[in-house]
Amino acid sequence: MEKVVTNPAIVVEELCVEFSGKTVLENVSLTILPAELHVIIGPSGSGKSTLLRAINRLNEFFPNCRTSGLVRIRLDGHLVDIYARDAPPLPELRRRVAMVFQTPAVLPFSIEKNMTMPLKVTLGLRGGELRERMEWALRQVGLWDEVEARLLDEATTLSGGQQQRLCLARALALGPQVLLVDEPTASLDFRATETIEQLLVDLKDRYTIIAVSHSLSQARRLADRLWVLREGRVMQQMNRRQLQDAALFQEIIDNIF
Amino acid sequence: MKKIADRCLVGFAWLSAGMVTLAAVMLVGFLLRRGLASIDGSLFFGETHWLDAVSGRAPVFEGIWPALMGTLYLVLVSSFVSIPVGIASGVYLAEYASKRVRASLGCAVDLLAGTPSIVMGLFGFALILLLRRTLFPQAGTSLALAALCIALLVLPYVIRTTQTALQAIPVHLRILGPVCGLSGLQAIVHILLPVASRGILSGVILAMGRAAEDTAVILLTGVVAQAGMPRGLWERFEALPFRIYYLAAEHQTRRQLDQGFATSLVLLLLTSTLFLTAFMLQRRFEKRWKKW
Amino acid sequence: MPFGRPCGLRLRSKLERCIERILLIATAIAAVAIISILLLLAYFCLPLFTSGELGEVFSRRWQPFAGSYGILPMCAGSFAISLLALFLAFPGAVAICFFVHSLAPAPAAGLLKTLVHFMTGIPTVIYGFVSVFLLVPLMRDWLSAGTGFTLLTAAITLSLLILPTIVLVFQARLERIDPTLTLASAALGFTPIEQVRHVLIPASAQGLLVAAILGFGRAIGDTLISLMLAGNAAQFPVSLFVSIRTLTAHIALVLATDSQSMAYRSVFAAGLVLFLLMGMINLLIQRIGRADNEKTYEKDR
């Protein structure tokens, strides 16, 4: 029944991650297709965030982490083993595989500086080009009209939803190919959640998106493909059709939790 | 019985608080009463016209202007050494050092912080003795030597405040560097240092305050009672704290004594402004992270 | 939207390594400084060991004109004045901490805190200067203590100098243990003073020790107050009203006046003693601090 995968965006094979000798992910294998919205759910402590962070090697930021297995990402048309010796340098990898967190993590600077600083520092953009890129990214997340007049305000003065969109815009501006989204609406109210969800749906044609979600209903609304994680293992994979069948969905979920 | 003991304790706490307040008020009050009247142009410039004194056209004999300038030069020159070195060390200890390196170099910093200032002065003095015996027979105590020793004395303050300010940055901000594709150094320069800047600044100001007030170091490394305006790095100089110390023992006229009190007030104003600024900055810096 | 590739990544990482090395060198300066201080002091003390004058320096009499260069009176003076200052300042400092922490009404606590911070900013020489004209006459007239330049005079002033140090160190400790404990004890219906007696004091015993040691270290290391107020007579502190000389003041005095080689050597010996003493204090604090850290670490797990 499954479509034969011909051009996967990300291939994860037998991924294991340990922190200080404690196994968090065990033999996780999955294939991520382009132009689909992938959602990972699972109880807390099931390794969702760790899986996400394995894809841009952010786990290495934390002490005593050991990763084994294979993660290959399609960058500029080729599948690249990101843990290999000749992999692209970490800063570049993380720019191509962007990440947005649960709590909006704006830098304690102005809105404008939040957007421009990474662009200036990593891509060396200046002047008109810089401004153009900032405006483009802010428009992508529908924030431009709201902040155009107050670009020099502290970013922390924005509302939670606006901050989250700013983080998304900051990530998009760097020109990623993959977006990793870690429970992006967990700290937001209903309206802001709706905006972010719509945004993800709009963006999925152009970016490979993997989202971790804390809510089953959100997962059902968003996912083209769903993975259920438990105790560091993939328990179940579901496609759009299975997700739409409410009875089947309920049965599967009941079996797992 | 217990109640009485409790009462006594409470009473003692109030008494201690009162005594310390009284002591501080008496100290400042006494200074103000004896010194305030003498703070005027002639305190700073003596008989010399202030324009001539400031522009250096005429020497100042009676006033404390040369001492004030000496202290200023001392603070500036020592900061020139201690601030870059201190911040660099703080960054290294917080961001680069492995656990073992951090512990052993941190121990050296603690030892340096614990070194009494007179020992630091003695070090400078011994350095000159050594230089005289070996490479430079004409070496002598000077502003440069004093500034170097003072810089070593205040270095730990800058290192420690920089290190703590950086280490206090919460993980969710720290992780943004890598997430935005910044390399380690870029993240330090563009995210961590700006975020920690207020804490670091408080350390820098604290260090300047310590440099301005210290007497024991300069006592052995080149301060003298009558040097006039500081003329160069390799010359001896005057300084406010030394002038106060000198006047306490060597004042000959009532006028000189009054000048001592007034000089104390000036120095107190200088250092307490620095220290309170540092304290405020520090407190605001700490408050900032309590929100998260 | 076209996305440019960053240029010179390889170069940049070379630059990063270079800068890391520069930072390491800067950090090493502190270590080099501390080692050179030790070596230089030791170097100038070396003649004492080789020529057997060591016993001479560590003898009980300082009479340079009669050829005795003993610094033991100064060692005793340093200890006496520091212990006395600690004895005077410590109970008050601890009481102030508890006062600020749980007994005082909020405005008084805030005021007192600012006052303590202000006191740390008062230059040592000003404490000395004011005492010379305020405390010394009092001692002379009221207690008829000779000239007024006595051990007690200096110790009182010194206690005022080290009090803020003790308060700040202990206050920081107190704040660290605080949140759960005060809440728990308040829930048990303790009054503030009962909290202090039965919860805070036992819980902060180690903090008390650290604060006392650091206060003592600050007192030992101070030069100006003993130099200006203690009278500087090189004799043993046999009573509160004799004039004494500390190690620190000894260094300052001898270097200002004498130029005989033996007197010089006694100065370097005094410097080395001070240096080693502070090193030991440091080690002690670190030992205590490490034990303390391990304990909290266990708790976290």
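Chain identifiers are assigned alphabetically (A, B, ...) following the order of the sequence lines, protein sequences preceding nucleic acid strands; residue numbering begins at 1 within each chain.
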- Message: Please determine whether side-chain contact (heavy atoms from CB on, under 4.5 Å) holds for the pair A/Met117 and B/Ile191, giving the CA-CA distance in whole Å, both sets of side-chain angles, and the decisive distance to 0.1 Å.
- Response: CA-CA 9 Å; A/Met117 188 276 287; B/Ile191 297 181; 3.5 Å; yes
- Item | Chi angles and distances behind the side-chain contact (heavy atoms from CB on, under 4.5 Å) call for B/Leu176, A/Arg170 | CA-CA 11 Å; B/Leu176 287 185; A/Arg170 191 176 59 198; 3.5 Å; yes
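Neither the backbone nor the side chain of A/Ala171 comes within contact range of chain B, judged by heavy atoms closer than 4.5 Å. At a 4.5 Å heavy-atom cutoff, the contact between A/Met99 and chain B is made by backbone and side-chain atoms alike. With a threshold of 4.5 angstrom between heavy atoms, B/Ile175 approaches chain A through its backbone and through its side chain.
Within 6.0 Å of OH in B/Tyr73 there are 12 or fewer heavy atoms belonging to other residues, nucleotides or ligands. The number of heavy-atom neighbours closer than 6.0 Å to CZ of B/Phe80, taken from other residues, nucleotides and ligands shown, is 12 or below. Within 6.0 Å of CZ on A/Arg131 lie no more than 12 heavy atoms contributed by other residues, nucleotides or ligands.
Considering all non-hydrogen atoms of both residues, B/Val195 and A/Pro108 come closest at CG2-CG, 3.5 Å. Residues B/Cys180 and A/Leu174 share a closest heavy-atom pair of O-CD1, 3.3 Å. What you find for A/Thr122 and B/Gly181 is that their closest heavy atoms are CG2-O, 3.3 Å. Scanning all heavy atoms of the two residues, the minimum distance from B/Pro178 to A/Leu58 falls at CB-CD1, 3.8 Å.
Rounding to the nearest 0.5 Å places NZ of A/Lys113 at 8.5 Å from NE2 of B/His190.
Every residue two or more places apart in sequence or in another chain was checked for a salt bridge (charged side-chain N to carboxylate O under 4.0 Å, His left out) with A/Arg66, and none qualifies.
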